[in-house]
Amino acid sequence: MSVESSMLRRRTSSRRLQFPEDSAFEEFPTAGGIGIDRDVSIMAASISGYTFSSVCYHSANSNSDHEGFLLGDVRQEETVSISDTQISSAELVQVVEIHNHDPCAQLFSFYDYAGKVNEENLNSILKDRRKNVIGWYRFRRNTQQQMSFREQTIHNQLTQLLGVPDLVFLLFSFISTANSSTHALEYVLFRPNRSRYNQRITLTIPNLGNTSQQEYKVSSVPNTSLNYAKVIKEHGAEFFDKDGVMKDIRTIFQVYSALQDKVQAVCGEVEQSERVKEKIQEDVNKLKQQIALRKRKTAEEERKIREAQNADSHSSPEENTEPSESSLLSRITFHTPSAPERPSTSPNPPSYTDLLSQDDSLLSSSSPPTSAALLPRPQAVGSPGHPTPGPLGMGLGMGLGLGLGLSTSSNPVTTPSTPYLGNGDGSSSDSLDRQAAGQEDDDDDEDDDDDEDEDSSEYENLVSEATHLPMVSASVLAQGRPAALSPDGDARGSQTT
Amino acid sequence: GVMAVSAVHLESDAFLVCMNHALSTEKEEVMGLCIGEVEASRIVHIHSVIILRRSDKRKDRVEISPEQLSAASTEAERLADMTGRPMRVVGWYHSHPHITVWPSHVDVRTQAMYQMLDQCFVGLIFSCFIEDKNTKTGRVLYTCFQSVQAQKGSEYERVEIPVHVVPREAIGKVCLESAVELPRILCQEEQDTYRKIHSLAHLDPVTKIHNGSVFTKNLCSQMSAVSGPLLQWLEDRLEQNKQSIVELQQEKEKLLLELAAL
């Protein structure tokens with residue numbers, strides 16, 4: 001178990017978003033871009049922007065890694081390409097369409113620590129969606145863009161169990177700058193069952209693209225032919241209704257209108273279901289709290305009784321005169337959720353999921369942040385939620401906030417008299433190189449050693465942080481992990497133009 | 001100097017709407033306004049976003065008209081009524097498809113102008129449709145910034161502001177409403193363009209038919225690229241919620257029994 005968690009720690013220790021970015025990151029190929037492989041069949045994959053955003057949304061709501069299944073379709077398409085240099089050739093393209101994702105409520109829901117998949121659990125999660133599964137996905141923070149050993153193990157079993165020979169795996173990795181001002185979500189689609197050369201497929205996100213309004217014609221091609229004018233007027237009249245409006249316009253608008261009505265209607269249903277879900281979740285949380293409270297009380301009462309019994313059986317008659325209440329009180333400890341051992345100090349760090357389950361119970365009981373909630377979690381960087389103890393926050397007491405235009409609903413947003421028009425040069429604000437962060441393999445090793453020191457300094461910062469920021473909501477603190485202070489110092493300082 | 005804002009907390013359902021919007025098109029920058037409140041800790045808390053139409057579609061002209069700001073303020077008041085908290089327009093967001101996430105000179109200046117009216121106003125940028133061809137890795141980035149003037153009269157500079165997405169398990173009503181506005185906004189834009197073209201009197205029938213077909217084609221693209229996938233996602237979400245409700249109900253009953261037994 002400790003080997004496992006130290007493996008995890010090494011892997012999660014350190015990808016941090018740094019700028020200048022790699023020049024390798026370029027413009028995305030236009031939708032429908034097909035990667036050229038050495039395999040006979042080429043693969044293309046797409047995912048809708050809404051599904052993609054939904055995965056990001058579920059991941060943002062998770063403290064930990066997040067995973068789920070990809071539902072969709074795989075089909076063969078034949079593309080005929082004609083070029084000057086060769087006779088037209090037909091290529092077989094496998095097209096993977098991801099329609100939807102099925103998020104898992106928690107990790108290890110269908111497999112165990114060893115990566116052994118439990119088919120029964122799998123079926124109860126997927127139910128009748130099982131036949132639509134074409135892949136699965138995982139969201140991790142600050143990790144390398146490659147499959148872990150356990151993921152590979154799981155993938156092989158899923159391939160067998162689901163009977164999908166070309167099961168795909170979508171890996172999301174989330175990294176952030178040290179001051180948490182900029183975050184990146186990287187994604188790679190693997191097909192691990194293929195040879196090493198074509199494991200990765202380009203994932204396109206189809207979108208509106210180019211519905212250029214420049215395609216409207218503002219003038220007609222000049223033509224003096226009377227015949228032309230006559231013919232097109234006579235036969236073209238078919239297209240227009242009595243008001244001179246093109247019939248197609250009305251028809252297509254009706255299609256759009258009906259569709260939008262349907263969107264609104266389903267949206268209304270979704271909204272209702274969100275509220276119902278929220279309410280029941282609240283009820284569940286309250287019940288859990290009540291149960292925990294009740295259990296605590298009974299445990300304390302039992303302890304009191306036991307103490308009293310012990311005192312009776314061991315004490316002499318003289319001692320009985322003072323009820324030894326003070327000693328009882330000193331022995332009754334408040335039952336707080338026990339703080340997870342800090343990974344950096346214990347010889348056997350608790351397993352990753354132990355920490356997870358403890359935090360889950362913290363969340364569900366929505367108790368005020370205890371020191372346990374403030375402890376850094378194994379994945380230190382790229383946290384959602386916790387404000388950084390960076391230079392922006394340093395040395396600022398509450399007093400400074402008062403004079404700085406605190407918002408009230410009566411504070412009007414005055415509208416500018418003229419909309420601001422830039423000079424439209426579209427030039428980038430960086431005279432420096434600003435390219436996406438490249439691979440940080442070099443940093444990995446050195447960060448490993450730094451981690452433990454960072455953890456302790458962050459812990460101190462967090463504890464003092466709580467006294468400076470009482471307004472930060474409990475839920476944020478409970479879920480937050482501190483952004484790691486860069487060992488090189490503040491990233492902002494290196495960015496000034 | 002000290003910035004008026006220490007950090008930005010973006011509710012995850014508002015984040016969802018921003019992502020949806022940013023990923024809706026790779027051919028132009030999209031934009032919207034952020035609604036929320038500024039807490040005493042100088043943290044800007046964004047509860048929802050409003051999708052805006054861009055009147056000037058030229059590259060890098062991301063501007064908000066007085067009417068749009070006014071409409072957004074009304075929306076903020078509505079949200080304030082609903083939540084009982086003071087809400088107002090606290091920032092703006094826009095997308096950088098195929099471009100670096102950093103704000104351009106124009107963006108920094110636009111942000112500086114908004115800050116003159118409200119020093120807590122923040123800017124968010126979403127960069128998407130980025131790919132590293134070598135590793136076939138795609139990327140979506142987001143950043144938060146304000147502007148500062150190093151000295152009087154000098155150029156404005158970007159200041160990085162920490163931003164965190166705050167979990168919210170259920171999607172809020174205002175966010176859902178914002179999300180389904182997108183197809184309507186797209187259609188309105190198309191109608192306005194067509195109306196202008198259509199009013200040109202000197203076009204011959206063939207040209208008119210052409211233009212009508214362009215309108216039809218564009219609306220079809222909108223439906224298949226936006227409305228359709230949106231509807232699909234809503235249906236899937238509804239299904240998921242129904243499932244969750246059943247499971248939660250079972251858990252609730254189990255807990256009730258457990259509590260009764262204690």
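Since this is a predicted model, take the numbers as computed values, not measurements. To find a chain, count down the sequence lines: A is the first, B the second, and so on, and within it residues start at 1.
With rounding to the nearest 0.5 angstrom, the CD1 atom of A/I249 is 12.0 Å from the NZ atom of B/K208. With rounding to the nearest 0.5 angstrom, the CZ atom of A/F52 is 11.0 Å from the CG atom of B/N20. Interatomic distance, B/C128 SG to A/L185 CG, rounded to the nearest 0.5 Å: 11.5 Å. Atom CZ of residue A/R129 and atom CG of residue B/D236 lie 9.5 Å apart, to the nearest 0.5 angstrom. The CD1 atom of B/I209 lies 10.0 Å from the CD atom of A/E238; values are rounded to the nearest 0.5 Å. Atoms SG and CG, on A/C267 and B/L234 in that order, are 5.5 Å from each other to the nearest 0.5 Å.
Contact annotation: the side chain of A/Q199 never approaches that of B/K136 to less than 4.5 Å [non-hydrogen atoms, C-beta and beyond]. Using a 4.5 Å cut-off on side-chain heavy atoms (C-beta onward), A/E269 and B/E235 make no contact. At least one side-chain heavy atom of B/I171 sits less than 4.5 Å from a side-chain heavy atom of A/Y57. In this structure the side chain of A/S273 never reaches within 4.5 angstrom of the side chain of B/Q240, judged on heavy atoms. For the pair B/V140/A/E186, no side-chain contact is recorded, criterion being any heavy-atom separation below 4.5 Å from C-beta on. The shortest side-chain heavy-atom distance between B/S24 and A/L208 does not fall under the 4.5 Å cut-off. Residues A/N207 and B/F129 form a side-chain contact, since some pair of their non-hydrogen atoms from C-beta on lies under 4.5 Å apart. Between B/V163 and A/H183 the shortest side-chain heavy-atom distance falls below 4.5 Å.
Options B/E177, B/E247, B/Q191 differ in how many heavy-atom pairs under 4.5 Å they form with chain A, and the most are formed by B/Q191. Interface remark: of the candidates A/S48, A/G268, A/S53, A/G49, A/S53 forms the most heavy-atom pairs closer than 4.5 Å to chain B. Interface check for chain B: of the options A/E278, A/K279, A/Q260, the most heavy-atom pairs under 4.5 Å are formed by A/Q260. Interface remark: of the candidates B/C144, B/C187, B/S244, B/S227, B/C187 forms the most heavy-atom pairs closer than 4.5 Å to chain A. Of the listed residues (B/E239, B/R184, B/H202, B/Q249), the one with the most heavy-atom contacts under 4.5 Å to chain A is B/R184. The most heavy-atom pairs under 4.5 Å with chain A, out of B/L203, B/L230, B/V206, B/L219, come from B/L230. When A/V266, A/T298, A/I232 are compared by the number of non-hydrogen pairs under 4.5 Å with chain B, A/I232 comes out ahead.
Between A/Y216 and B/Y194, the ring-plane angle classifies as tilted under the 30° and 60° cut-offs.
Here the shortest heavy-atom pairing between A/V270 and B/N241 reads O-ND2, 4.0 Å. Shortest non-hydrogen contact noted between B/C220 and A/I252 is SG-CD1, 3.6 Å. A pairwise comparison of heavy atoms in A/I280 and B/I245 identifies CD1-CG2, 3.8 Å as the closest pair. Across all their heavy atoms, B/H198 and A/G244 have their closest contact at CE1-O, 3.6 Å. The minimum heavy-atom distance between A/M246 and B/G212, with the atom names listed, is SD-CA, 3.5 Å. Smallest separation of non-hydrogen atoms from A/F240 and B/P205: CZ-O, 4.0 Å.
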Quiz item: Does the side-chain contact (heavy atoms from CB on, under 4.5 Å) test come out yes or no for A/R200 and B/T137, once each step is laid out?
Solution: CA-CA 8 Å; A/R200 295 163 178 240; B/T137 303; 3.7 Å; yes
Practice problem: Please step through side-chain contact (heavy atoms from CB on, under 4.5 Å) for the pair B/N211 and A/K217, ending with a clear verdict. | Solution: CA-CA 6 Å; B/N211 287 337; A/K217 288 196 197 270; 3.7 Å; yes
Self-check item: salt bridge (charged side-chain N to carboxylate O under 4.0 Å, His left out) assessment of A/E271 paired with B/R237
Solution: CA-CA 10 Å; A/E271 210 272 312; B/R237 177 78 183 172; over 6 Å; no
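For B/F15, the part lying under 4.5 angstrom from a heavy atom of chain A is the side chain only. Interface remark: B/L16 contributes backbone and side-chain atoms alike to the contact with chain A (heavy atom separation under 4.5 Å). For chain B, the nearby part of A/Q264 is the side chain; its heavy atoms alone come within less than 4.5 Å. For B/E155, no part sits under 4.5 Å from any heavy atom of chain A, backbone or side chain. The part of A/D283 that comes within reach of chain B is its side chain, from C-beta onward, which places non-hydrogen atoms under 4.5 angstrom from that chain. At a 4.5 Å heavy-atom cutoff, the contact between A/F239 and chain B is made by side-chain atoms alone. When heavy atoms are compared at a cutoff of 4.5 Å, A/K262 approaches chain B by way of both its backbone and its side chain. Within the 4.5 angstrom heavy-atom criterion, no atom of A/H235 approaches chain B. Heavy-atom distances place both the backbone and the side chain of B/S213 under 4.5 Å from chain A. Both the backbone and the side chain of A/E274 have a heavy atom closer than 4.5 Å to some heavy atom of chain B. With a 4.5 Å cut-off on non-hydrogen atoms, B/L10 does not touch chain A at all. Using a 4.5 Å cut-off between heavy atoms, A/L259 contacts chain B through its side chain alone, with no backbone atom that close. Only the side chain of A/Y228 comes within contact range of chain B, with at least one heavy atom under 4.5 Å from a heavy atom of that chain.
One side chain, A/T202 or B/E131, offers a donor N or O that lies under 3.5 Å from an acceptor on the other. In the model, B/T216 has no side-chain atom that pairs as donor or acceptor with a side-chain atom of A/D248 under 3.5 Å.
Between A/K277 and B/E169 there is no salt bridge, since no side-chain N of the basic residue sits under 4.0 Å from a carboxylate O of the acidic one. A salt bridge between A/K288 and B/E258 is absent, with no side-chain N of the basic residue lying under 4.0 Å from a carboxylate O of the acidic one.
Side chain of A/S220 to main chain of B/T207: no donor-acceptor pair is present (N/O by atom type, distance under 3.5 Å, no hydrogens or angles). The closest donor-acceptor contact from the side chain of B/H210 to the backbone of A/E215 lies under 3.5 Å. A/N61 places a side-chain N or O within 3.5 Å of a backbone atom of B/R168 that can act as its donor or acceptor partner.
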